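Data first, discussion second: the structure below is written as structure tokens.
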Amino acid sequence: MSERQPAFGRDPLPDIAGHTHSEPQGTLDWVGMSDIAMPIRVLDDVAEHAVQASIQLYVNLGDSHAKGIHMSRLYRALGAGLTDHALTPGSLANLLRELRETHAGIASDAYVEFAFELMLNKPALVSDNSGWNRYPIKLRGELRDDGMRIEQDFVVHYSSTCPASAALARSVIQEQFSKDFDTNNALNPAAVNAWLGSQEGIVATPHGQRSAANIKMELNADLACFPIGSSIQAVEDVLGTPVQTAVKREDEQEFALRNGQNPMFCEDAARRIKLLLNAADDVVDFLVRVEHFESLHAHNAVSMVAKGVSNGYRSSPP
């Protein structure tokens with residue numbers, strides 16, 4: 001890339017970052033920029049999406065004599081790489097190579113991250129309504145001498161009903177039934193039916209809470225697009241009770257039914273997602289963190305699991 005030339009008759013503009021130290025000053029792991037705001041297009045397996053991204057760009061400073069890097073070169077490479085192309089694993093890989101090339105001789109590694117919210121239109125459970133749900137997404141790439149890594153992070157929010165609380169609620173309802181009905185005599189079906197529909201009969205309900213599954217995936221770098229939409233849908237399907245948008249009473253009733261038939265601890269949710277991702281051919285590695293924002297306790301319940309590949313992700317508390 002050409003640098004700006006000075007006006008006629010003037011001395012060249014000083015390039016302090018291009019100076020070198022006479023003595024080695026040490027290398028740096030990463031140097032670059034964060035929180036770059038830019039509209040981009042992202043291609044996933046559902047559609048091409050226009051999003052507003054917050055971007056990070058870095059290269060390493062591997063030359064201990066170099067004073068610094070030219071950050072404007074990174075920014076220009078970013079703009080050139082995304083002007084005519086949607087973001088895909090392939091274009092992300094090309095961008096990483098270009099970032100490294102901008103500082104050939106002093107840098108061998110490159111890193112880029114795109115963070116944004118993806119809006120997806122989701123149908124209601126029963127009615128013909130639909131509404132928009134937002135999903136925090138991060139697409140990340142890292143290039144080192146030992147290879148390329150392409151990553152996809154996303155968050156799915158869902159409802160979780162506590163299995164222990166559900167069992168305790170059923171026990172209380174059984175006790176109340178024994179108090180209200182003489183079980184030694186024949187029961188009146190109409191009376192039992194009315195009792196089941198009353199607050200006096202269903203005296204306890206299990207507690208549930210909004211929950212979040214944070215998923216980090218390393219992808220095969222040769223994918224044609226990011227599997228964002230299909231990954232989100234697959235996780236929502238395996239959990240069974242994703243949060244809803246536009247609902248009518250029949251949708252809310254169906255949601256209550258699904259929660260009642262689908263109680264789960266955070267351990268259950270993490271195991272379901274682990275089983276799902278282990279079967280995904282395009283997922284090289286994964287890290288799952290499930291958090292249930294407890295309604296009974298003032299603290300949260302958390303489960304974490306990684307795929308367990310050699311030199312891969314490790315599930316450790318932050």
Side-chain angles (χ1 to χ4, degrees), residues 26-32 34 42 44-45 55-62 87-101 103 107-115 135-156 212-239 264-291 301-318:
T27 61
L28 297 174
D29 295 335
W30 296 114
V31 184
S34 68
V42 178
D44 79 345
D45 46 7
I55 306 170
Q56 300 185 63
L57 295 172
Y58 302 97
V59 293
N60 69 319
L61 187 55
L87 187 64
T88 65
S91 64
L92 179 51
N94 289 336
L95 174 59
L96 288 167
R97 297 185 188 99
E98 179 62 24
L99 292 176
R100 183 171 65 177
E101 184 61 28
H103 289 80
S108 59
D109 306 335
Y111 177 98
V112 61
E113 178 186 276
F114 300 85
Y135 299 88
I137 308 291
K138 289 183 180 178
L139 303 177
R140 188 183 303 107
E142 185 173 338
L143 175 62
R144 294 178 181 265
D145 287 337
D146 58 357
M148 179 94 62
R149 172 176 283 184
I150 303 295
E151 297 174 331
Q152 169 183 290
D153 299 2
F154 61 94
V155 181
V156 166
N214 293 263
I215 300 167
K216 180 178 182 178
M217 303 160 54
E218 181 184 351
L219 304 172
N220 284 328
D222 58 355
L223 289 176
C225 61
F226 287 101
I228 304 173
S230 61
S231 298
I232 289 172
Q233 189 62 54
V235 170
E236 289 185 338
D237 288 344
V238 79
L239 292 173
M264 59 180 145
F265 294 121
C266 64
E267 296 94 329
D268 299 315
R271 285 174 174 143
R272 292 184 194 181
I273 300 171
K274 176 184 178 181
L275 185 64
L276 172 73
L277 297 181
N278 270 331
D281 293 335
D282 292 327
V283 179
V284 178
D285 196 3
F286 62 79
L287 177 63
V288 176
R289 186 179 193 275
V290 164
E291 187 164 8
V302 178
S303 286
M304 292 173 281
V305 64
K307 185 177 179 68
V309 302
S310 178
N311 298 318
Y313 300 142
R314 295 185 61 187
S315 55
S316 58

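Note that the structure is predicted; figures quoted are calculated from it, not measured.
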Separation of [Y] [atom2] from [X] [atom1] (nearest 0.5 Å):
| X | Y | atom1 | atom2 | result |
| --- | --- | --- | --- | --- |
| Ser231 | Asp153 | OG | CG | 11.0 Å |
| Asp44 | Thr88 | CG | OG1 | 11.5 Å |
| Ile215 | Ile273 | CD1 | CD1 | 4.5 Å |

Got a donor-acceptor contact below 3.5 angstrom from the [X] side chain to the [Y] backbone?
| X | Y | result |
| --- | --- | --- |
| Asp268 | Phe265 | yes |
| Asp282 | Asn220 | no |
| Arg289 | Asn214 | no |

Do other residues, nucleotides or ligands put more than 12 heavy atoms under 6.0 Å from [X] [atom1]?
| X | atom1 | result |
| --- | --- | --- |
| Arg149 | CZ | yes |
| Glu267 | CD | yes |
| Asn311 | CG | no |

Do [X] and [Y] make a side-chain contact, defined as non-hydrogen atoms from C-beta onward lying under 4.5 Å apart?
| X | Y | value |
| --- | --- | --- |
| Tyr111 | Leu99 | no |
| Thr27 | Asn60 | no |
| Ile137 | Phe226 | no |
| Ser316 | Met304 | no |
| Val302 | Cys266 | no |
| Ile228 | Phe154 | no |
| Lys307 | Leu277 | no |
| Glu113 | Tyr58 | no |

Going by an N to O cut-off under 4.0 Å, is there a salt bridge joining Arg144 and Asp109?
yes
Are the charged groups of Arg140 and Glu142 less than 4.0 angstrom apart, N to O?
no
Gln233 and Asp237: side chain to side chain donor-acceptor pair (under 3.5 Å), yes or no, with the steps?
CA-CA 6 Å; Gln233 189 62 54; Asp237 288 344; 2.9 Å; yes
Chi angles and distances behind the side chain to side chain contact (heavy atoms under 4.5 Å, CB included) call for Val309, Val284:
CA-CA 9 Å; Val309 302; Val284 178; 5.9 Å; no
Stepwise, does the side chain to side chain contact (heavy atoms under 4.5 Å, CB included) test hold for Tyr313 with Glu151?
CA-CA 11 Å; Tyr313 300 142; Glu151 297 174 331; 2.6 Å; yes
